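The analysis underlying the following values was restricted to heavy atoms, covering all of them including side chains, and did not include hydrogens, waters or symmetry mates. Numbers here are sequence positions counted from 1. Counting convention: from 1, in listed order, for ligands and their atoms alike. Bear in mind that the values here come from a model prediction, so they are computed numbers and not experimental data.
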Amino acid sequence: MTITVTPITVIPRHPALGAEIRGVDMRRPLDAATVQAVSDAWMKHLVLVFPDQRITDQEHVGFTRHFGEPEIFHQTSLHLRSDRVKEIFLVSNVDDQDRLLAPSAPSQKQLSSSRMWHTDSSYRPTPSIGSLLHGIEISRTGGITQFINMYRVYDDLPDSLRRQVEGRRARHDFSMLHRLVGSPPPTPAEQAAMPPVWHPMVRRHPVTGARSLYVSSIYNDAVEGLDEAAARKLIEDLSEFAAQPQYMYRHVWEPDDVLMWDNRCTVHAVTPHDPGERRVMHRTTIVGTEPVLV
Ligand code: OGA
Ligand code: MN
């Protein structure tokens, strides 16, 4: 009898979420048993850290395809989508000519929104499953990416907040970004491609079946039954409650780390860094295949 021994090693990095994975080479296709083992670890730890992955963009996209279809970012006006590999979203402060961009550059303003708690592509009718971020040139002065386990946040919500989210929906609008950070508005075509959507504030995970809080503070521009100020206050109160150390893994980057996170049950935010320091990261985003479950 042949016994298949899955070669991966899983080392938790924080009690709430985040685990390091050893024994995966993203440059090679994975066998089915390894894909399953990675998926299982992902559902358990929510954020996976794969150190030492010297991958090309093509290999990054190839690895992503084991877990779903890579998203192609709908906005082209700010050049956050790679021209070379269209599935790559550029989290970078360097332009095509390798020049450092000022914080006032439109793309940098828009990227600065990721310092606030959010989950990627929540403004889509079927929001993203997960994202994979490759640290190519990493920051040593900040640029720490922080993640929160939103299952635990939901479980621990005080009654005053729980009452306000149960059975309620929030709106997610891509156009909220420019109102928030003063980046250029999306073009009319980009706006037409991404009309605002309503999602439940408490969602059930399609794989684990567990419930989590689902808010995305950079996209949430309205909450059912509340005026604008009350909606903003609720999203801020929820984000503040979530951002406690017992729910948070803070990732300090090393070159060629690849992080893979679940957008359905986590939020993330990056800390500021010295804008004179280069920071180049490439992201893929896995397309959602179903509406948000309640
Ligand atoms: C992202 C993001 C985090 C970072 O890529 O989705 O929010 O560390 N960036 O820059
Ligand atoms: Mn993000």
Worksheet item: Can a salt bridge be assigned to the pair Glu87 and Arg283 using a cut-off of 4.0 Å between side-chain N and carboxylate O?
Response: no
Worksheet item: For Asp120, what is the atom name of its N, O or S atom nearest to the Mn ion (ligand 2)?
Response: OD1
Item to complete: Could you tell me if the ring centre of His74 sits under 6.0 Å from that of Tyr123?
Response: yes
Item to complete: Do me a favour and list the nearest non-hydrogen protein atom to atom 8 (O) of ligand 1 with residue, atom name and distance?
Response: Thr145 OG1, 2.5 Å
Discussion item. Heavy-atom distances under 4.0 Å decide this one: backbone, side chain, both or neither, for Met281 against ligand 1?
Written reply: neither
Item to complete: Check the angle between the aromatic planes of Phe174 and Phe73 and answer parallel, tilted or perpendicular using the 30° and 60° thresholds.
Response: perpendicular
Item to complete: Tell me whether the centres of the aromatic rings in Phe147 and His14 are closer together than 6.0 Å.
Response: no
Worksheet item: If we only count N/O pairs under 3.5 Å, is Trp253 in contact with ligand 1?
Response: no
Item to complete: Taking the Mn ion (ligand 2) as the reference point, name the nearest N/O/S atom of His118.
Response: NE2
Practice prompt. Report, in ascending order of atom number, the atoms of ligand 1 lying under 4.0 Å from any heavy atom of His118.
Written response: 7 (O)
Practice prompt. From the options Arg283, Arg279, His282, His268, select the one whose nearest heavy atom is closest to atom 4 (C) of ligand 1.
Written response: Arg279
Discussion item. Suppose I only count heavy atoms of Val91 and a 4.0 Å limit; which atoms of ligand 1 are within that range?
Written reply: 5 (O), 10 (O)
Worksheet item: Does some side-chain heavy atom of Met116 sit less than 4.5 Å from a side-chain heavy atom of Leu180?
Response: yes
Worksheet item: Salt bridge or not for Asp237 and Lys233, using N-O below 4.0 Å?
Response: yes
Discussion item. Are Arg278 and Asn93 packed together at the side-chain level, in the sense that at least one heavy-atom pair is separated by less than 4.5 angstrom?
Written reply: yes
Worksheet entry | Interfacing atoms of ligand 1 (cut-off 4.0 Å, heavy-atom, Asp120) | 6 (O)
Worksheet item: Looking at CZ of Arg203 and CG of Leu213, how far apart are the two atoms once the value is rounded to the nearest 0.5 Å?
Response: 11.0 Å
Worksheet, complete the sentence: Filtering Ser128, Ser114, Ser92 for the heavy atom nearest atom 9 (N) of ligand 1 leaves Ser114
Item to complete: Give a yes/no verdict on whether any heavy atom in Trp261 is under 4.0 Å from an atom of ligand 1.
Response: yes
